[in-house]
Amino acid sequence: MRKRILALVDGNNFYVSCERVFNPRLEGQPVVVLSNNDGCAIARSQEAKALGIAMGQPWFQIRHMERKYGLTAFSSNYALYADMSNRMMSILSQFAPAQEVYSIDECFLDLTGLNVDLTAHGHALRDRVKQWIGIPTCVGIGHSKTQAKLANHIAKKRPEWNGVCDLSSLPESTVNELMASIDVGEVWGVGQKLTERLNALGIQTVLDLKRADPKVIQRRFSVVLERTVWELRGIACLRLEDVSPPRQQIISSRSFGRPVTELNELKEAVTAYMSRAAEKLRRQGSIAQALHVHIRTSPFREDRPYYGKGLTIPLITPTDDTRKLVKAALKGLEAIYQPGHDYQKAGVVLMDIQPKDSGQITDMITALEDDKATRVMQMMDAINARMGKTTIRLAGEGVEKAWAMRRGRVSAVSSTRIDDVAEVCAR
DNA sequence: TCTGGGGTCCTAGGACCC
DNA sequence: TCTGGGGTCCTAGGACCC
């Protein structure tokens, strides 16, 4: 059987690169993008990494670097990043017969059977993305997803590769040398806990893991890690998922901009979060038969007792109706709410998700009601799609939204909103 | 003062059944 | 006094990823 050839392409410091496209003065400067609520750094430029800023580091710990080192920070602007991502994925799709969009900033490409110089092909797609949308990328190529991931890591960390590393064209001995020089913790699927356990067994490098006995790994760890061993050896165990399966659960949860104590405000937040989750549910043509609602105080405050609780609620009949889902979620919220706490976060999860048109047997009255509800929801979604999110929403979401998150440093959505384009041009 | 959000998969263990 | 064992289903929690 012919070996597969897979590439992993990803945007370097993707969110930061998106901001730089519309603000070229940030080139060469330390830049971070902050999480929701401007809580912590979730993307860092090379210069920011060089300052020692860690992934996920709280903003309050690094904000002094603004003055000291000229650090620039942005609130996350997901509308912008999603739009840039779509453009990037669309360009990359031209370079391979099959593509799996793996996350907002990376995709796998199936290059099997392509009669080209793979390294040259990698440089060509990299140049195209840079030229057309201004995003720098790196390309890793190998015989499996895990190899492609590893190759991408090499392309990113070692400048001598010029952003493209093709393990599939290298002699086995060279690949092994590279693998011997990389910690096992860099392997896709090996996190902190597994690294510790592997190290305890004397498995320190990627090569050590590649050479481990798959059966022993399966017995002492899991079938997942056994698969990783085969993948490192160039035997592809993971398929390219070019059609994205519908979500099995849909989460909507957020920290508040300030502590919330009143049940009424929590109700507003849960109503808003469930509304967003239900929109996603309908967009993928599904219904949910259970939901989960949770609230908690800040786990970082040592001066107050922690309180967190969640409740899963089964629904008698599965639905995609925002009103029914909100009603159930609020009932759950009332059951877990305790007065006297400073709540910091709330969230909802839609679960037991099924396709809507699965041909379930219902009685005629239920069918008529469902039909009416479907039309109401369709109309709501259509209006919101045209006029902007939350143009029409449930009254329970509230108007003031004093609990809403802080986003003090958000950039303009330069690629999609015409008002913002004007703003960028006026700079 | 200030610490993200959204996912997947696997495993262990309990409940239940025969 | 003796007090099974194996299979299946479900759930909670762990680990990982970006």
Side-chain angles (χ1 to χ4, degrees), chain A residues 8 10-15 32-44 53-64 73-78 81-82 85 100-108 145-146 149 152-153 184-198 218-228 237-238 241 244-259 273 276-277 280-281 284 289-290 292 294 296-304 306 310-312 314 342 344-353 405-409:
Chain A
L8 181 82
D10 79 337
N12 303 346
N13 318 321
F14 186 68
Y15 296 170
V32 294
V33 173
L34 303 174
S35 64
N36 282 333
N37 259 326
D38 297 344
C40 55
I42 53 170
R44 306 154 294 154
I53 298 173
M55 180 69 176
Q57 192 163 4
W59 171 232
F60 72 89
Q61 289 176 3
I62 54 174
R63 67 180 310 163
H64 66 277
F74 290 96
S75 302
S76 37
N77 183 346
Y78 288 106
Y81 311 147
S85 172
E100 173 187 338
V101 176
Y102 179 68
S103 77
I104 191 163
D105 73 331
E106 65 190 288
C107 70
F108 289 101
K145 284 183 166 181
T146 306
K149 275 278 198 182
N152 181 274
H153 170 83
V184 71
E186 301 294 343
V187 172
W188 190 39
V190 178
Q192 196 183 322
K193 300 279 179 188
L194 282 176
T195 302
E196 285 167 21
R197 288 173 58 197
L198 286 166
Q218 193 259 311
R219 205 176 63 239
R220 302 190 72 136
F221 295 88
S222 68
V223 293
V224 180
L225 196 60
E226 181 197 5
R227 215 154 48 200
T228 300
C237 304
L238 301 168
E241 313 266 356
S244 55
R247 296 264 165 265
Q248 297 175 37
Q249 58 177 33
I250 294 172
I251 300 178
S252 177
S253 82
R254 236 160 231 87
S255 302
F256 303 127
R258 59 156 174 76
Y273 299 167
R276 300 297 87 74
K280 281 194 195 171
L281 183 70
Q284 72 167 29
Q289 191 151 21
H292 182 88
H294 55 93
R296 67 163 168 79
T297 60
S298 170
F300 298 103
R301 292 195 55 159
E302 285 163 5
D303 54 332
R304 286 168 182 272
Y306 174 79
L311 188 64
T312 300
D342 278 351
Q344 186 245 353
K345 184 175 182 176
V348 299
V349 187
L350 292 174
M351 307 184 316
D352 285 3
I353 289 176
M405 66 182 181
R406 296 183 302 268
R407 280 170 97 213
R409 305 159 163 270

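Keep in mind that the numbers below use all heavy atoms, side chains included, and drop hydrogens, waters and symmetry copies. As the structure is a computational prediction, the values presented were derived from the model and not from experiment. Residue numbering restarts at 1 for every chain, and letters A, B, ... go by the order of the sequence lines.
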Return no unless some side-chain N or O of Arg406(A) is found under 4.0 Å from OP1 or OP2 of dC2(B).
no
Measure from CZ on Phe300(A) to C1' on dG4(B) and round the result to the nearest Å.
10 Å
Take atom CD of Glu226(A) and atom C1' of dC16(C), then tell me their distance rounded to the nearest Å.
18 Å
Any side-chain donor-acceptor pair under 3.5 Å between Asp342(A) and Thr297(A)?
no
Using the side-chain heavy atoms of Lys193(A), tell me which of these nucleotides is nearest: dT3(B), dA15(C), dC18(C).
dA15(C)
Heavy atoms from C-beta onward define the side chain here; which of dT8(B), dC18(C), dC10(B) lies closest to that of Ser222(A)?
dC10(B)
Separation of dG4(B) atom P from Tyr81(A) atom OH, nearest Å, is 17 Å
Checking N1-N3 plus N6-O4 or O6-N4 for Watson-Crick, or N1-O2 and O6-N3 for wobble, each under 3.5 Å, the partner of dC16(C) is dG7(B)
Closest heavy-atom contact between Asn152(A) and Leu8(A)?
ND2-O, 3.3 Å
Heavy-atom closest contact (Trp188(A) atom, Thr146(A) atom, distance)
CE3-OG1, 3.8 Å
Which of the following nucleotides, dC2(B), dG6(B), dC10(B), is nearest to the side chain of Arg227(A)?
dC10(B)
If I take atom CG in residue Asp105(A) and atom P in nucleotide dC17(C), what distance separates them, rounded to the nearest angstrom?
15 Å
In whole angstrom, give the distance that lies between atom CG of Asn37(A) and atom P of dT1(B).
17 Å
Quote, to the nearest angstrom, the C1' distance that separates dG4(C) from dC17(B).
14 Å
Nearest-neighbour nucleotide for the Tyr78(A) side chain, dC18(C), dG4(B), dA15(C) considered
dG4(B)
Under 4.0 Å from OP1 or OP2 of dC2(B): is there any side-chain N or O of Gln344(A) that close?
no
Less than 4.0 angstrom from a charged side-chain N to a carboxylate O is my criterion; do Glu226(A) and Arg219(A) meet it?
no
May I have the distance from Leu281(A) (atom CG) to dG6(B) (atom P), rounded to whole angstrom?
15 Å
Looking at the side chain of Arg247(A), which of dT11(B), dC18(C), dT8(B) is the nearest nucleotide?
dT8(B)
Counting just side-chain N and O atoms, does Ser253(A) come under 4.0 Å of either OP1 or OP2 of dG6(B)?
yes
Separation of dG4(B) P from Gln57(A) CD (nearest whole Å)
13 Å
Against the side chain of Arg254(A), the closest entry in dG7(B), dG6(B), dC18(C) is dG6(B)
Euclidean distance, atom NZ of residue Lys149(A) to atom C1' of dC16(C) [Å, nearest integer]:
12 Å
From the set dC18(C), dG4(B), dG6(B), return the single nucleotide nearest to any side-chain atom of Ser252(A).
dG6(B)
Check every atom of dT11(B), dC18(C), dG4(B) against the side chain of Asn36(A) and return the nucleotide holding the closest atom.
dG4(B)
Under 4.0 Å: is that the gap between some side-chain N or O of Lys345(A) and OP1 or OP2 of dG5(B)?
yes
Does either side chain, that of Gln344(A) or that of Arg296(A), offer a donor lying less than 3.5 Å from an acceptor on the other one?
yes
Does Arg220(A) have more than 12 heavy atoms from other residues, nucleotides or ligands lying within 6.0 Å of its CZ?
no
